[in-house]
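Heavy atoms only: backbone and side chains are in, while hydrogens, waters and symmetry mates are out. Counting from 1, the numbers follow the sequence of the chain as shown.
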Amino acid sequence: MFRLVSLNLNGIRSAASKGLAPWAESVSADCMGVQELKVHVDDMPAPLKAFAGMNGHFHHAEKKGYSGVGLYTRHEPSDVIIGLGGADPSAEFDTEGRYVELRFDKPGRKLSLISCYFPSGSSSEERQQAKFRFLDMIEPHLAALRGEREFILLGDVNIAHKEIDLKNWKGNLKNSGFLPEERAWMTRLLDPAGSTRLVDVYRHLHPDTTDECYTWWSNRGQARAKNVGWRIDYHLATPGLAGAARQASVFKDQWFSDHAPLTIDYDFSL
């Protein structure tokens with residue numbers, strides 16, 4: 001099995017202090033996509049640039065202590081794509097460190113693994129509008145990618161797609177992360193007749209799971225203790241790779257951040 005993990009760290013140094021590296025060693029991942037590094041690569045402690053037999057590739061934000069993504073892998077990529085480049089001509093989001101893609105191409109096959117951190121719109125209307133701009137930008141990029149290669153995007157998408165994807169859905173109908181426009185965007189992304197035709201791999205394996213599916217909990221109140229959570233972390237894959245998924249799990253026995261790791265095993269090899 002090829003084991004892929006996605007995890008929002010909410011600060012890699014903080015996650016490391018809570019046992020991230022030993023856990024990564026124990027889980028034996030082939031690749032781990034992480035989001036919200038909150039550190040510039042130049043300031044990242046050397047032991048965090050490579051661990052558990054995996055080398056890291058990073059896209060950090062210009063603003064220190066903010067955003068940033070990484071992909072750790074045991075396998076040598078054929079190419080490393082840092083940032084969205086031409087898909088983000090104003091560099092509005094590339095300056096925030098939101099996208100890194102590793103390509104593992106060989107004759108007869110083009111395959112990418114991506115770590116992506118979608119903006120949150122919960123802090124202000126201004127950030128919600130930025131989130132909408134990001135969604136408008138990333139969709140055609142993924143559609144174009146879909147036209148030329150197989151890929152799996154590992155990421156914090158900051159959207160709960162359906163009512164079963166969060167505990168208090170009725171109370172969040174007007175809140176960022178569960179807005180009708182955001183949910184419609186996810187539906188379009190996953191439409192088998194659409195331009196991207198991606199598959200929500202967790203839901204492919206567990207179409208009806210509710211309480212067990214959550215990957216994020218607010219730090220307010222006793223959200224985690226009461227399991228008042230959201231499923232906002234995803235593996236989004238092209239159908240061929242999604243069909244190779246065999247098992248998925250959300251790890252909650254140890255906490256590295258306000259998110260839980262989403263691990264999915266696939267029956268393929270690089």
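- Looking at D79 and D105, their side chains never come closer than 4.5 Å, going by heavy atoms from C-beta outward.
- Closest of all the heavy-atom pairs between K167 and K226 is CE-O, 4.4 Å.
- Remark: E126 CD is loosely packed, at most 12 non-hydrogen atoms of other residues, nucleotides or ligands lying under 6.0 Å away.
- Of all heavy-atom pairs between N227 and D211, the closest is ND2-O, 3.1 Å.
- A salt bridge is absent between D200 and K162: the closest approach of a Lys/Arg side-chain nitrogen to an acidic carboxylate oxygen does not fall below 4.0 angstrom.
- Proximity of a side-chain donor or acceptor of R246 to a complementary backbone N or O of Y266 within less than 3.5 Å is not detected.
- Two residues are said to be in side-chain contact when any heavy atoms from C-beta on lie closer than 4.5 Å; E101 and R149 meet this criterion.
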>> Quick one, C31 with H75, criterion side chain to side chain contact (heavy atoms under 4.5 Å, CB included). Give me CA distance, side-chain angles, the key distance, then yes/no.
In response: CA-CA 8 Å; C31 182; H75 309 270; over 6 Å; no
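- Note on R3 versus D265: salt bridge recorded, some NZ/NE/NH1/NH2 to OD/OE distance being below 4.0 Å.
- Listed for the T196 side chain is no donor-acceptor partner under 3.5 Å among the backbone atoms of A143.
- Residue L205 is grouped with residue I152 when hydrophobic side chains (ILVMFWY) are merged at heavy-atom distances under 4.5 angstrom, including chains of intermediate members.
- Here the side chains of L9 and S14 are not in contact, with every heavy-atom distance at 4.5 Å or above.
- In this structure, F268 has its ring center closer than 6.0 angstrom to the ring center of F2.
- For the atom pair L145 CG and R103 CZ, the distance stands at 6.0 Å (nearest 0.5 Å).
- The environment of K64 atom NZ is sparse: at most 12 non-hydrogen atoms of other residues, nucleotides or ligands sit within 6.0 angstrom.
- Looking at every heavy atom in both residues, Y214 comes nearest to W217 through O-CH2, 3.2 Å.
- In this structure, E125 places its CD atom where more than 12 heavy-atom neighbours from other residues, nucleotides or ligands lie under 6.0 Å away.
- Taking CG of L154 as the reference point, atom OH of Y234 lies at 14.0 Å (rounded to 0.5 Å).
- Here the side chain of E182 pairs a donor or acceptor atom with the backbone of F178 at under 3.5 angstrom.
- Atom CG of L262 is separated from atom SG of C213 by 10.0 Å, given to the nearest 0.5 angstrom.
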>> Go through it in stages, so that I can follow the logic: the residues are E96 and S67, the test is side-chain hydrogen bond (donor to acceptor under 3.5 Å, both in side chains), and I'd like the CA-CA distance, side-chain angles, deciding distance and then a yes or no.
In response: CA-CA 6 Å; E96 295 181 351; S67 191; 5.7 Å; no
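- No continuous path of hydrophobic side-chain contacts links L71 to W23 [ILVMFWY only; heavy atoms under 4.5 Å].
- The minimum heavy-atom distance between S257 and L7, with the atom names listed, is OG-CD1, 4.3 Å.
- Under the side chain to side chain contact (heavy atoms under 4.5 Å, CB included) rule, N8 has a single partner from N158, I232, D156, which is D156.
- The shortest side-chain heavy-atom distance between E92 and M137 does not fall under the 4.5 Å cut-off.
- Residues V39 and F51 share a hydrophobic cluster, clusters being chains of Ile/Leu/Val/Met/Phe/Trp/Tyr side chains in contact below 4.5 Å.
- Here CG of N10 is found 7.5 Å from CG of N219. Values are rounded to the nearest 0.5 Å.
- Aromatic ring centres of Y99 and H141 lie closer together than 6.0 Å.
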> Can H60 and I82 be said to form a side chain to side chain contact (heavy atoms under 4.5 Å, CB included), step by step?
Replying inline: CA-CA 9 Å; H60 59 257; I82 304 295; over 6 Å; no
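- A donor-acceptor contact shorter than 3.5 Å links the side chain of R98 to the backbone of Y117.
- Between F104 and F151, the gap from one ring centroid to the other reaches at least 6.0 Å.
- Linking ILVMFWY residues whenever their side-chain heavy atoms come closer than 4.5 Å, directly or via other members, places I114 and W185 in the same cluster.
- Using a 4.5 Å cut-off between side-chain heavy atoms of Ile, Leu, Val, Met, Phe, Trp and Tyr, with links allowed through other members, Y202 and V157 fall into different hydrophobic clusters.
- Under the 30°/60° scheme for interplanar angles, the aromatic rings of F134 and F118 are found to stand perpendicular.
- The backbone N or O of E212 sits less than 3.5 Å from a side-chain atom of K252, completing a donor-acceptor pair.
- Side-chain contact check for I159 versus K131: some heavy-atom pair is nearer than 4.5 Å.
- Of the possible donor and acceptor atoms, none in the side chain of T263 sits under 3.5 Å from a partner among the backbone N and O of S249.
- A distance-only check finds a donor-acceptor pair linking the side chain of D94 to the backbone of G85 [under 3.5 Å].
- When all heavy atoms of H206 and R203 are compared, the closest pair comes out as O-NH1, 2.7 Å.
- Residues A24 and M32 share a closest heavy-atom pair of CB-CE, 3.7 Å.
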>> Walk me through whether W230 and W169 qualify under side chain to side chain contact (heavy atoms under 4.5 Å, CB included).
In response: CA-CA 9 Å; W230 296 54; W169 66 268; over 6 Å; no
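- To the nearest 0.5 Å, the span separating CE on M44 from CD1 on I12 amounts to 4.5 Å.
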> Is there a side chain to side chain contact (heavy atoms under 4.5 Å, CB included) between L236 and V201 once you walk through the steps?
Replying inline: CA-CA 6 Å; L236 298 172; V201 182; over 6 Å; no
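- Under the 3.5 Å distance criterion, with hydrogens and angles disregarded, no donor-acceptor pair is assigned to the side chains of T95 and E62.
- Remark: the backbone N or O of I164 is not paired with any side-chain donor or acceptor of R231 at under 3.5 angstrom.
- Side-chain contact check for M54 versus T73: every heavy-atom pair is 4.5 Å or farther apart.
- The closest donor-acceptor contact from the side chain of Y72 to the backbone of L48 lies under 3.5 Å.
- Note that the OG1 atom of T209 and the CG atom of D165 stand 10.0 Å from one another [nearest 0.5 Å].
- The shortest side-chain heavy-atom distance between D258 and W216 falls under the 4.5 Å cut-off.
- Without hydrogens or angle criteria, T215 side chain to D233 main chain gives a donor-acceptor distance under 3.5 Å.
- The side-chain heavy atoms of R146 and P239, taken from C-beta on, include a pair separated by under 4.5 Å.
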